[in-house]
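Below is one structure, written out as structure tokens, with a few remarks after it.
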Amino acid sequence: MIFDNHNRPITYLRLAVTDRCNLRCFYCMPEAGIRYMPKQQLLTYEEMERLVTILARLGVSKVRITGGEPFVRSELMSFMHRLAAVDGISDLSITTNGVLTAPHVADMAALGVKSVNLSLDTLDRERFRQITRRDELPAVLRTLDALLAAGIETKINAVVMEGQNTQDIVPLTELTRDRPVDVRFIEEMPFNGEGSHYPVLHWTHRRIVQEIQSFYPNLTKIPDPRYSTSANYRIPGHQGTVGIIAAFSRTFCGTCNRIRMTAQGTLKTCLYDDGVLDVRELMRSGATDTGLEAAFLRAFAHRPANGFEAESHRSTVTESMATIGG
Ligand code: SAM
């Protein structure tokens with residue numbers, strides 16, 4: 001296992017397979033005028049498989065496929081089958097908006113996909129349309145049902161946005177009553193392609209917990225899995241659990257075991273850095289596996305202690321989460 005300069009193991013890669021998305025969530029992307037990367041600037045599946053193989057040799061055992069929306073890239077499931085066969089990868093997971101996902105659920109279950117994060121900010125069709133600028137809630141709910149029917153571990157990720165969907169916190173929490181689903185509420189971050197919406201973030205992790213507690217006074221803290229980014233709770237009698245991710249307050253950096261690869265092959269060792277290594281350039285200029293390994297190790301030896309330090313080393317955060325690989 002490889003440890004970074006703050007003694008944190010690096011075991012988890014979030015791999016963006018595309019920067020394209022079929023939704024236009026206002027907190028993630030502008031409605032129009034997005035400049036997608038030309039296809040030749042995106043990593044090919046072969047390049048991704050190569051770097052996952054190298055990272056697995058260095059101790060990465062978990063890969064979560066992300067984007068953009070992973071299912072808008074063609075042949076995604078064949079690529080997942082190839083990744084599942086990489087030596088050392090024991091946990092292959094995916095995060096998706098669920099619009100195109102339902103038809104692939106049986107294949108994912110057969111492949112042993114460990115968990116699916118489904119992004120869903122509201123159960124109200126009109127609010128869903130306003131937030132995502134697309135009328136796709138029914139398709140997302142079909143995916144949720146299919147995932148649960150297939151017995152795949154499912155987490156719902158909901159970004160909490162002041163003035164937009166705070167009235168959805170309780171209805172989304174209610175999903176845990178009869179379903180074995182983890183509903184996780186995420187603090188909004190300034191990765192919307194434009195910069196922060198708020199001078200101050202009012203809906204912090206503390207306020208989200210208070211809101212849930214005011215409706216469910218018996219909300220009970222449960223132990224957090226190792227390296228968890230969420231603080232986890234259970235409502236007695238409910239099948240599922242509730243989690244809060246302090247993504248803006250950045251309370252979990254001390255145990256961060258994750259790195260990110262953007263769709264164009266830039267390594268990020270912190271969500272808040274602006275890219276620390278151009279892996280695509282290295283690969284396309286003929287780097288050997290040993291050379292790539294050495295470059296990764298150098299990057300891991302210079303990780304910022306936390307997201308505040310990473311942010312302080314760069315210009316203002318304005319990029320879209322879809323280009324980062326959220
Ligand atoms: N399309 C996939 C999905 O919807 O899960 C994967 C990519 S998406 C960028 C990954 C996650 O980032 C989603 O759960 C999304 O809600 C979250 N996200 C995007 N912009 C965000 C922001 N500004 N603040 C917090 N979370 C954000």
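Every number for a ligand or one of its atoms is a count from 1 in the order of the listing. Nothing here was measured: the structure is a model prediction, and the numbers come from that model.
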For this session: Could you list all the ring pair (Phe, Tyr, Trp, His ring centres under 6.0 Å) pairs where at least one residue sits in residues 43-81, not counting sequence neighbours?
Result: Tyr45-Phe79, Phe71-His104
Problem set entry | ring pair (Phe, Tyr, Trp, His ring centres under 6.0 Å) contacts touching residues 264-300 (sequence neighbours left out) | Phe191-Tyr272
Problem set entry | Partners meeting side chain to side chain contact (heavy atoms under 4.5 Å, CB included) with Glu126 (sequence neighbours left out) |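 Result, side chain to side chain contact (heavy atoms under 4.5 Å, CB included) vs Glu126: Asp124, Arg129, Gln130.
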Problem set entry | Heavy-atom side-chain contact between Arg8 and Asn257 under 4.5 Å | no
Could you go through ligand 1 and note, for every N or O atom, any protein N or O atom closer than 3.5 angstrom, writing the atom names and distance to 0.1 Å, or 'none'?
from, atom 1, to, atom 2, distance (Å)
ligand 1, 1 (N), Gly68, O, 3.0
ligand 1, 1 (N), Glu69, OE1, 3.0
ligand 1, 4 (O), Ser119, OG, 3.0
ligand 1, 5 (O), Thr95, OG1, 2.8
ligand 1, 5 (O), Thr96, N, 3.4
ligand 1, 5 (O), Ser119, OG, 2.7
ligand 1, 14 (O), Ser119, OG, 2.7
ligand 1, 16 (O), Tyr27, OH, 3.1
ligand 1, 23 (N), Tyr27, O, 2.8
ligand 1, 23 (N), Met189, O, 2.8
ligand 1, 24 (N), Met189, N, 2.9

Exercise. Does any donor atom in the side chain of Gln41 or Tyr36 lie under 3.5 Å from an acceptor atom in the other side chain?
Worked result: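 Checked: Gln41/Tyr36 side chains show no N/O donor-acceptor pair below 3.5 Å.
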Problem set entry | Any donor-acceptor N or O pair under 3.5 Å, side chains Arg64, Ser115 |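 A pair is found: one side chain offers a donor N or O, the other an acceptor, under 3.5 Å apart.
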